[in-house]
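The block underneath contains the structure these notes are about, expressed in structure tokens.
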Amino acid sequence: VNDATRGAGPAAAPRGRDPTGHRGVVAVVFDLRVLRVLGQLAAIAVLIAVAAYLSDNYQANVRDRNLRTGWGFLDEPTGFNIAFSDFRSGQPVRDALWVGVKNTAVSAVVGILLATVLGVLVGILRLSGSWVARKAATLYVEVLRNVPVLLIILFTAAGLQTLPRIDEARSLGSVAAISNRGISVVSPVAGDNLAAYTVLLAVGLAAALAVAAWRTRISDASGAPHHRVLWAGGLFLVVAVVGYVALGGPVTLSRPEVGGRAIAGGASLNIPYVALTGALGLYHGSHIAEIVRGSILAVPHGQVEAAMAVGLSDFQRLRFVILPQAFRIAVPPTINQYLSLTKNTSLGIAVAYSDVAGLAFRLTGARAPALQMFAIVMAIYLVFSLTTSLVLNVFNRRVQLVER
Amino acid sequence: MEPVVEIPGTGPTVEPLPVPSPVPTGRPEVHLTPRQWMRQNLFATPWGSVLSVVFGLVLAYGTYRLAWFVAVSSDWQIIRSNLRLFMIGRFPSEEVSRLWGALYIVAALAGLLSGAIVAKAEEEARAAGRGVARPGRWDWLRRYWPALGALAVILSQTRTWTPSLLALVGMAVLLVTRRLGRGAAWLARFAWLVLLAGVVAVNELITGFGGVGWGDWGGLLLTMFVTVAGIALSFPLGVLVALGRRSSLPALRGMTVAYIELIRGVPLVALLFMGHYVVPLLYPTTVEPPSALARALIAVTLFESAYIAETVRGGLQAITRGQYEAAQALGLAPWKVMRLIVLPQALRAVIPAMVGQFISLFKDTSLLAILGFFELLEVAENTVSQPEFLGQRLHTVTYAFVALIYWAGSYTMSRESRRIEHRLGLGERR
């Protein structure tokens, strides 16, 4: 046992002391604390060496191929227009990227809303008492979840191409007008006194919150039912309706009208946007449906039995026992779906949607330096991901149970 | 392994452990008349009745539209005349025999290994005194119907009988080698070696001896290649990164955390973009940069390994301290503790999640179409612009065919992973 080689491995060296009884260089080098520091230094050294090697190669390539360096390209004109935006080819790269960021954000937010609504509905349907509804929901989930999202996007885009041509655009009860050039939906337009109405709504909201707090206090003190939603919501609704009438219609609706070779009025949604956002909503909706279903099933059965035992009705059981607990379980995986949906907006490139990744591709093709462009894209997505996960994680922490 | 130390009263010879009945069912089976069944499952409550009627109509209409799409409105000629493109891309037709050879090797290996693994599992179960669940006669059909159905659809689009016959031979190879594998349980221990040998053999058979390089692979072949290569490369890397992530050395942990978070923060498209434009700039000027496919593989591997690392980390975290402490008490070296005690348990626990990750890799290979690689989805986009099919709006037809292939692959895998999950007893509450 008293052999220096036996104790030589980092494995055999216990904390702080050499088991072999040797003192001196061997003991110092094979001391676990020393080894830990040495190992980390070695790892950092390797990382730096690799980075230096790559940067060297990059410099050589820049010289050889006469590539552009620096960030000056951000202020140069792009040389192309961006479809469905006001961006013209003379504007700088910087502005093009900003258009991309806005497009990504819009598509992500609307996609998330769509996926959540769809996912919750389908997830609950998957547990419905009706066999047919259950099977229909299962079909939706199992088909969409197992097909590449890019394929769904392309399929949706191909499907939208079969809509009527613009000169034969169809109007859906003056709520929407559809054609294969775009879909227009009814949209609010500012009328007179909009500013006054906004102020009024803000006051109404504040009053409603105060009433809700008051009802909560009463309920806490006396144990009487608080009916917060009824009181606060009712107050807000009254303020909103009375104000709307009194101010003579501060918001009006612009309805799409079909005529000739264009659709007038309404908010126009272009086909790439509809294809991308709709497909992302469908695809991630199927994933969220699984999360919702799994979370409801994951609530321990004892909870349901306990709720029945204290005599809660079906609705009360769902509202006060099952859903609050299922919600807690569902939040973290749903956050992941939101993040993944945000990243998947980059697939808009396949249907010529000008999101930030697609624009970066085009800009690099138009002689913007690749490395800088990639760094920008990476930074933008990191900002997106980090803000989303920060906001949602704060939210998550608030809804999770506080345990001892 | 059999217990070496006999503890009185616990040995299997002294007192056989109670054999659990296979799959205890919660409720006794009740036979309902169709009328009772409908009352219970369709019209139990007013709200449920409404749902039943509404979704019944939706399903009926959907089925009608689907049947119309498949049988009447679509011209499947585009699939028939381009089936080769869909399957193997622009792979030279005089070299196709190599692919069949490779397919047989794969079938033989799959048969041998699956047979050996099943045999070994049964051996272990018997040694531990557990019951062995024998699969039913038609279990294979229940388990693999999506893949088999897709295969049948593909073969139905062939113009000659040769591919069907050759595929049948492949099935026969699979069945025979599986029988052989059952008699050689020891093979299971060398599964990795066997797989490695298989990959080398397949690659040599197709690309070696004046064969066809990766650049000419396409269609389903390319999709499968990228999937398999992606898994093979990213799995070991992911495990290493996960170990670094769990390391107690701050520098190592910091680096791996940065890697995981950076990669998971950006979309795969951006990484493919990096592989396409940036990677060549990082190579020495004197060296020819790798081919476009190799660069895409680099991007896919970097991407996938970050996700695998997070999956494996979940498994590592699930291993209790006691396991480490017991292993250390036995005097195992740290790397042995990892390799023999912790990793096997951790990886076993995350098999279902890992399969899910592989499914998403399989689906993500479609993104290579964006870079213009001639994989399945790109074939679907390309064939519609062939002169004889131009302007007929056949996109939906080709996409539907490709979707079927992707769906069959992913759905089969996800069903299998659910089966494994069930077997491992994971995710079972209540």
Side-chain angles (χ1 to χ4, degrees), chain A residues 9-12 36 39-41 43-44 47 54 57-58 60-62 64-65 67 125 128-133 135-136 139 142-143 145-151 154-155 158-159 161-162 297-298 300-301 343-347 349-350 357 360-361 364 370-371 373-374 377-378 381-382 385-386, chain B residues 41-45 47-49 51-56 58-59 248-252 255 262 264-270 273-274 277-278 280-285 333-336 359 363-367 369-370 377 380-381 393 395-396 399-400 402-403 406-407 409-411 414 429-430:
Chain A
R36 287 168 62 94
Q40 296 189 58
L41 285 180
I44 293 172
L47 186 70
L54 292 181
N57 288 341
Y58 176 69
N61 272 303
V62 166
D64 259 33
R65 306 190 195 183
L67 299 175
L125 272 183
S128 121
S130 158
W131 183 84
V132 185
K135 289 294 160 194
L139 192 68
E142 293 297 3
V143 168
R145 233 162 45 116
N146 289 305
V147 170
V149 59
L150 182 59
L151 187 57
L154 290 173
F155 205 100
Q161 285 308 313
T162 62
L297 286 181
H301 200 64
K343 284 182 281 172
N344 274 342
T345 52
S346 61
L347 297 178
I349 189 173
F361 248 119
T364 312
L371 189 65
M373 220 53 224
F374 177 64
V377 169
M378 197 145 178
Y381 274 105
L382 281 182
S385 306
L386 291 181
Chain B
N41 292 296
L42 297 182
F43 306 109
T45 57
W47 179 231
S49 311
L51 285 181
S52 292
V53 171
V54 169
F55 281 97
V58 168
L59 275 185
S248 60
L249 306 178
L252 210 56
M255 278 186 229
L262 277 182
R264 294 201 327 149
V266 292
L268 179 55
V269 171
F273 162 91
M274 179 211 71
Y277 287 114
V278 181
L281 300 180
L282 301 179
Y283 263 71
T285 43
W335 69 272
K336 273 192 172 171
I359 293 174
K363 291 189 293 176
D364 281 347
T365 56
S366 60
L367 267 61
I370 291 175
L377 196 54
E381 286 211 61
R393 291 198 167 155
H395 270 114
T396 41
Y399 286 155
V402 169
Y406 275 115
W407 177 81
S410 315
Y411 190 52
S414 88
R429 302 182 203 194
R430 181 164 175 162

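In the text below, chain A, chain B and the rest are named by the order of the sequence lines, each starting its count at 1.
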Closest contact, heavy atoms only, [X] versus [Y]:
{"X": "Leu262(B)", "Y": "Met378(A)", "result": "CB-CE, 3.8 Å"}
{"X": "Ser128(A)", "Y": "Leu51(B)", "result": "OG-CD1, 4.0 Å"}
{"X": "Phe273(B)", "Y": "Ala360(A)", "result": "CE1-O, 3.8 Å"}
{"X": "Asn57(A)", "Y": "Leu282(B)", "result": "ND2-O, 2.9 Å"}
{"X": "Leu150(A)", "Y": "Ser366(B)", "result": "CD2-O, 3.4 Å"}
{"X": "Val278(B)", "Y": "Phe374(A)", "result": "CG2-CB, 4.1 Å"}

Tell me, out of [options], who's got the most heavy-atom pairs with chain A below 4.5 Å.
{"options": "Val54(B), Asp364(B), Leu42(B), Thr365(B)", "result": "Leu42(B)"}
{"options": "Pro267(B), Ala369(B), Gly409(B)", "result": "Pro267(B)"}
{"options": "Gly56(B), Pro250(B), Ser49(B)", "result": "Pro250(B)"}
{"options": "Thr396(B), Leu249(B), Val269(B)", "result": "Leu249(B)"}

Tell me, side chain or backbone of [X] under 4.5 Å from chain A's heavy atoms, or both, or neither?
{"X": "Ser52(B)", "result": "both"}
{"X": "Leu377(B)", "result": "side chain"}
{"X": "Leu59(B)", "result": "side chain"}

Going from [atom1] on [X] to [atom2] on [Y], what distance comes out if it is rounded to the nearest 0.5 angstrom?
{"X": "Leu154(A)", "Y": "His395(B)", "atom1": "CG", "atom2": "NE2", "result": "8.0 Å"}
{"X": "Arg36(A)", "Y": "Ser248(B)", "atom1": "CZ", "atom2": "OG", "result": "3.5 Å"}
{"X": "Leu54(A)", "Y": "Leu281(B)", "atom1": "CG", "atom2": "CG", "result": "11.0 Å"}
{"X": "Met255(B)", "Y": "Ile44(A)", "atom1": "CE", "atom2": "CD1", "result": "5.0 Å"}

Ser385(A) and Arg264(B) side chains, donor-acceptor separation under 3.5 Å:
no
Using non-hydrogen atoms and a 4.5 Å limit, figure out which bit of [X] sits close to chain B: side chain, backbone, both or neither.
{"X": "Ser346(A)", "answer": "both"}
{"X": "Ile349(A)", "answer": "side chain"}
{"X": "Leu125(A)", "answer": "side chain"}
{"X": "Leu41(A)", "answer": "neither"}
{"X": "Arg145(A)", "answer": "both"}

Is the number of heavy atoms from other residues, nucleotides or ligands under 6.0 Å of Tyr283(B) OH greater than 12?
no
Can you tell me which of Leu151(A), Leu382(A), Thr162(A), Val147(A) forms the most heavy-atom pairs within a distance under 4.5 Å of chain B?
Leu151(A)
Among Val132(A), Val377(A), Leu47(A), Asp64(A), which residue forms the greatest number of heavy-atom pairs with chain B at distances under 4.5 Å?
Val132(A)
Taking the six-membered ring for Trp, are Tyr399(B) and Phe155(A) parallel (under 30°), tilted (30 to 60°) or perpendicular (over 60°)?
tilted
